[in-house]
Amino acid sequence: MELFSRIIESGHEELLVYSDNAVGLKAFIAIHDTTLGPACGGTRIWNYDSEESALNDVLNLSRAMTYKSSIADISLGGGKAVIIIDPQTKKNEAFLRSFGRFVDTLHGRYLTTTDVGTNSDDLIYINQETDHVVGLPLSQGGSGDTSIMTGLGVYMGMKACARASWGSDSLEGKTIAMQGFGKVAYNTSLLLLKENARIVATDISPVALNEAEKLGIPTVSTDDIYGVPCDIFSPNALGGILNAGTIRHLNCEIIAGGANNQLASEAVAEDLYKRKILYAPDYVINAGGIINVSCEIGSSYSAERSREKTEKIYDIMTDIINVSNKEEITTSKAADTLAENRIKSVKLVKQIYRG
Ligand code: NAD
């Protein structure tokens with residue numbers, strides 16, 4: 001598809017291209033929608049196999065950020081940056097500061113933070129060149145590790161689904177199969193264990209498996225996790241893992257996890273709906289991270305404010321389930337509709353006052 005048609009179709013406001021040959025930097029920033037506030041989303045550094053796949057990634061991820069911030073009721077729009085890196089290029093200070101200058105040219109229309117391939121130390125370098133950085137370490141005045149609130153949001157989402165499915169939001173005695181046992185799964189598990197839920201986990205990393213075992217959590221192979229008899233299947237590793245090949249093995253009533261872009265397609269959501277498996281849309285229940293960084297914008301960071309706002313994911317997920325039941329549509333369609341309605345209503349107010 002032609003680039004401009006692609007951007008117009010997905011509703012993007014702006015796509016920026018930057019290269020700095022001196023440091024080997026090639027980057028895109030996509031601003032999807034700034035109706036609700038400045039575009040915010042992490043910077044992904046990845047060894048993309050083509051410029052086209054990097055472009056697709058930045059366009060898809062920035063759009064997803066618009067929906068995530070909208071449904072989470074925060075005053076941010078959707079944006080994302082991707083940096084195409086090859087294995088020979090070093091992610092050093094000059095490279096990151098050069099990227100910081102690129103972010104600064106947008107004068108705050110885009111706020112960056114961490115994503116796959118970037119960490120809080122990288123943000124410190126980027127921050128040397130631009131103030132438009134969120135998610136810095138607590139010691140630098142930022143909001144610190146996002147995965148704690150993301151884990152809390154996933155847990156609240158699970159509880160809302162539990163109440164809708166079983167009449168009580170207690171997860172005591174329920175079995176949760178965790179695919180991936182990284183930072184988000186770990187933080188969710190701490191809350192689940194406190195409530196005496198049972199967890200079974202898998203991961204490709206021996207370090208992660210060891211973390212699970214230290215908490216007394218039994219582990220299975222990465223292939224076996226799909227068939228584990230459980231109440232909740234929780235994807236916390238990769239995107240696209242809910243597809244025709246995997247969902248036929250699932251032996252659960254609810255799917256609720258932190259991984260981004262879990263559904264391979266909307267058809268999979270339809271399949272799950274027909275099979276009466278309740279799917280918690282990923283961008284709804286993994287919004288704790290963006291909620292956390294939003295709590296450092298405009299005033300000093302408050303962990304309490306962040307926690308209160310993240311706990312609201314329970315009510316948001318409940319509203320989505322209610323719309324899904326009433327309209328007989330998938331939960332992912334219901335979530336998209338609610339997110340779009342908020343943006344439309346704010347856009348209308350802005351138009352009225354402009355006119
Ligand atoms: P992480 O890197 O700490 O954990 C991911 C884990 O998945 C790793 O331990 C990795 O070894 C494992 N993994 C990779 N491939 C696997 C496979 N095939 N089978 C099983 N395990 C596999 O990342 P994280 O911060 O915990 O994030 C987990 C997911 O949640 C990601 O999709 C991320 O994009 C998403 N997410 C994270 C946050 C956050 O605040 N960290 C916020 C929103 C969404």
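Counting convention: from 1, in listed order, for ligands and their atoms alike. Residues: numbered from 1 along the sequence shown.
- Contacts between Thr150 and ligand 1 below 4.0 angstrom, taking non-hydrogen atoms only, involve the side chain exclusively.
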Salt bridge (Lys or Arg N to Asp or Glu O under 4.0 Å) between Asp57 and Arg44, intermediate numbers included: CA-CA 9 Å; Asp57 220 17; Arg44 180 164 293 193; 3.6 Å; yes
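- In this structure, the side chains of Phe28 and Lys80 stay at 4.5 Å or more apart for every pair of heavy atoms.
- Using modelled atom types, one finds a donor on one side chain and an acceptor on the other under 3.5 Å when comparing Thr43 with Thr112.
- Summary of contacts: the protein heavy atom closest to atom 2 (O) of ligand 1 is Lys183 NZ, 4.0 Å.
- In the hydrophobic cluster analysis, where Ile, Leu, Val, Met, Phe, Trp and Tyr join through side-chain heavy atoms closer than 4.5 angstrom, Val133 is grouped apart from Leu138.
- Atoms of ligand 1 found under 4.0 Å from any heavy atom of Gly258, numbered from 1 in the order shown, are 30 (O), 35 (C), 36 (N), 44 (C).
- Ile176 and Leu278 fall within the same hydrophobic cluster, defined by Ile, Leu, Val, Met, Phe, Trp and Tyr side-chain heavy atoms under 4.5 Å apart, directly or through other members.
- The protein heavy atom nearest to atom 19 (N) of ligand 1 is Thr222 CG2, 3.7 Å.
- If you check which protein heavy atom lies closest to atom 43 (C) of ligand 1, you get Asn286 O, 3.6 Å.
- Close approach of ligand 1 to Ser147 (heavy-atom distance below 4.0 Å) involves ligand atoms 40 (O), 41 (N).
- Applying the ring pair (Phe, Tyr, Trp, His ring centres under 6.0 Å) test to His132 and every residue at least two apart in sequence or in another chain returns nothing.
- Of the protein's non-hydrogen atoms, the one nearest atom 4 (O) of ligand 1 is Gly182 CA, 3.2 Å.
- Look at Lys159 and Glu195 and you find a salt bridge, because one of the NZ, NE, NH1 or NH2 atoms lies within 4.0 Å of a carboxylate O, short of that distance.
- Among Asn292, Asp115, Val184, Leu238, the residue whose heavy atom lies closest to atom 41 (N) of ligand 1 is Val184.
- At the shortest separation from atom 11 (O) of ligand 1 among protein heavy atoms lies Asp203 OD1, 2.5 Å.
- Regarding atom 31 (C) of ligand 1, its nearest protein heavy-atom neighbour is Ala237 O, 3.5 Å.
- The shortest N or O to N or O distance between Ala208 and ligand 1 is not below 3.5 Å.
- For ligand 1 and Thr146, the ligand atoms under 4.0 Å from any heavy atom of the residue are 39 (C), 40 (O), 41 (N).
- With hydrogens left out, the protein atom closest to atom 14 (C) of ligand 1 is Ile204 CD1, 3.6 Å, a heavy atom.
- Of all protein heavy atoms, the one closest to atom 5 (C) of ligand 1 is Asn236 O, 3.8 Å.
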Run the side-chain donor-acceptor check on residues 226-238: report pairs under 3.5 Å with partners two or more places apart or on a different chain.
unit_1: Tyr226; atom_1: OH; unit_2: Gln179; atom_2: NE2; d: 2.9
unit_1: Asp231; atom_1: OD2; unit_2: Thr175; atom_2: N; d: 2.7
unit_1: Ser234; atom_1: OG; unit_2: Asn236; atom_2: ND2; d: 2.8
unit_1: Ser234; atom_1: OG; unit_2: Ala256; atom_2: O; d: 2.8
unit_1: Asn236; atom_1: OD1; unit_2: Gly258; atom_2: N; d: 2.8
unit_1: Asn236; atom_1: ND2; unit_2: Ser234; atom_2: O; d: 3.1

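- In this model, a donor atom of one side chain and an acceptor atom of the other lie less than 3.5 Å apart for Ser306 and Asn292.
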